[in-house]
Amino acid sequence: MDLLFPATWNRHCCGSSFPTLHFLQLAVWPSPQASEYSCSPPTMPFYRLVCIAAHYSEYKHIKDLVTRAATHVLDNGGVVRKLESWGTQTLPQRMRRAKVYHQIGDYWTMQFDASPATLRGLNNIMRHDPRVIRWTSLKVGEKVDDVLLVEEKTLTRETHTIGF
């Protein structure tokens with residue numbers, strides 16, 4: 001799993017906030033458990049944002065929306081770990097947003113660490129942006145270790161055979 005941090009993140013100075021960067025200028029963080037660094041990234045809840053944006057013929061609309069969301073997280077001290085496009089797809093049903101009906105949409109996800117206040121601000125951005133048709137924010141874990149160490153949480157049912 002690649003973990004993404006801003007390219008200019010100072011490894012020996014964790015107290016400062018992250019600079020404003022575009023989502024294309026992110027660098028890969030070697031390992032969340034790397035002991036070679038003098039401090040570790042701040043522990044914030046790990047979230048996944050899934051968004052359906054209105055489809056436009058120009059790519060700049062979706063790029064602006066993703067950049068705005070990622071920049072909001074970075075400006076408020078969060079960390080964008082992964083951006084993923086699921087492409088343009090037909091919506092399962094006709095959806096209405098901002099007095100416009102949509103038949104197709106651009107699906108994308110963003111995985112990030114952020115404070116709950118930053119998440120509320122991101123939800124406000126999504127709520128007031130007319131390009132967003134639907135979105136949801138899912139809390140994946142409380143810290144990176146919760147996400148990386150996936151334990152089996154499902155109980156297996158033992159099958160008993162009854163002889164006749």
Visitor: Measuring from atom CG of Leu138 to atom CZ of Phe46, what distance do you get when rounded to the nearest 0.5 angstrom?
Guide: 11.0 Å
Visitor: Just how far is it from atom NZ of Lys60 to atom CD of Glu58, taken to the nearest 0.5 Å?
Guide: 6.5 Å
Visitor: Between His102 and His55 (side chain of the first, backbone of the second, donor and acceptor by atom type, cut-off under 3.5 Å), is there such a pair?
Guide: no
Visitor: Looking only at heavy atoms, which two atoms of Ala53 and Ile62 are closest? And how far apart?
Guide: CB-CD1, 3.6 Å
Visitor: Which value, rounded to the nearest 0.5 Å, describes the distance between Arg81 atom CZ and Asp113 atom CG?
Guide: 4.0 Å
Visitor: Measure across Val73 and Ala114 and return the closest heavy-atom pair with its distance rounded to 0.1 Å.
Guide: CG1-CB, 4.4 Å
Visitor: Applying a strict under-4.5 Å side-chain criterion to I, L, V, M, F, W and Y, I'd like to know whether Leu91 and Val100 cluster together.
Guide: no
Visitor: Hey, is CZ on Arg97 packed in by over 12 heavy atoms from elsewhere, all under 6.0 Å?
Guide: yes
Visitor: Over all heavy atoms of both residues, which pair between Ser115 and Met44 is shortest? Give the atoms and the distance, please.
Guide: N-SD, 3.6 Å
Visitor: Would you indicate whether the side-chain heavy atoms of Thr109 and Gln111 approach each other to under 4.5 Å?
Guide: no
Visitor: How about Leu122 and Tyr47: do any of their side-chain heavy atoms sit closer than 4.5 Å?
Guide: no
Visitor: For the residue pair Phe112 and Leu119, establish whether any side-chain heavy-atom pair is separated by less than 4.5 Å.
Guide: yes
Visitor: According to side chain to side chain donor-acceptor pair (under 3.5 Å), does anything in residues 130-141 pair up with another residue at least two apart or in another chain? List the pairs.
Guide: Asn123-Trp135, Asn123-Ser137, Asp129-Arg131, Lys139-Glu142
Visitor: Please report the shortest heavy-atom distance between Ala69 and Trp108, naming the atom on each side.
Guide: CB-CH2, 4.0 Å
Visitor: How long is the straight-line distance from CG of Asp106 back to OG1 of Thr88, given to the nearest 0.5 Å?
Guide: 3.5 Å
Visitor: Once you round to the nearest 0.5 Å, how far does CD1 of Ile104 lie from CD1 of Ile52?
Guide: 12.5 Å
Visitor: Are Tyr107 and Met95 connected in the hydrophobic side-chain network, where two residues link if heavy atoms are under 4.5 Å apart?
Guide: yes
Visitor: Should Ile125 and Leu65 be regarded as members of a common hydrophobic cluster, given that ILVMFWY residues are connected when their side-chain heavy atoms come within less than 4.5 Å of each other, either directly or indirectly?
Guide: no
Visitor: Looking at side-chain heavy atoms only, is the closest gap between Cys51 and Val132 below 4.5 Å?
Guide: yes
Visitor: Please tell me if the side chains of Val66 and Met110 come closer than 4.5 Å, counting only heavy atoms from C-beta onward.
Guide: no
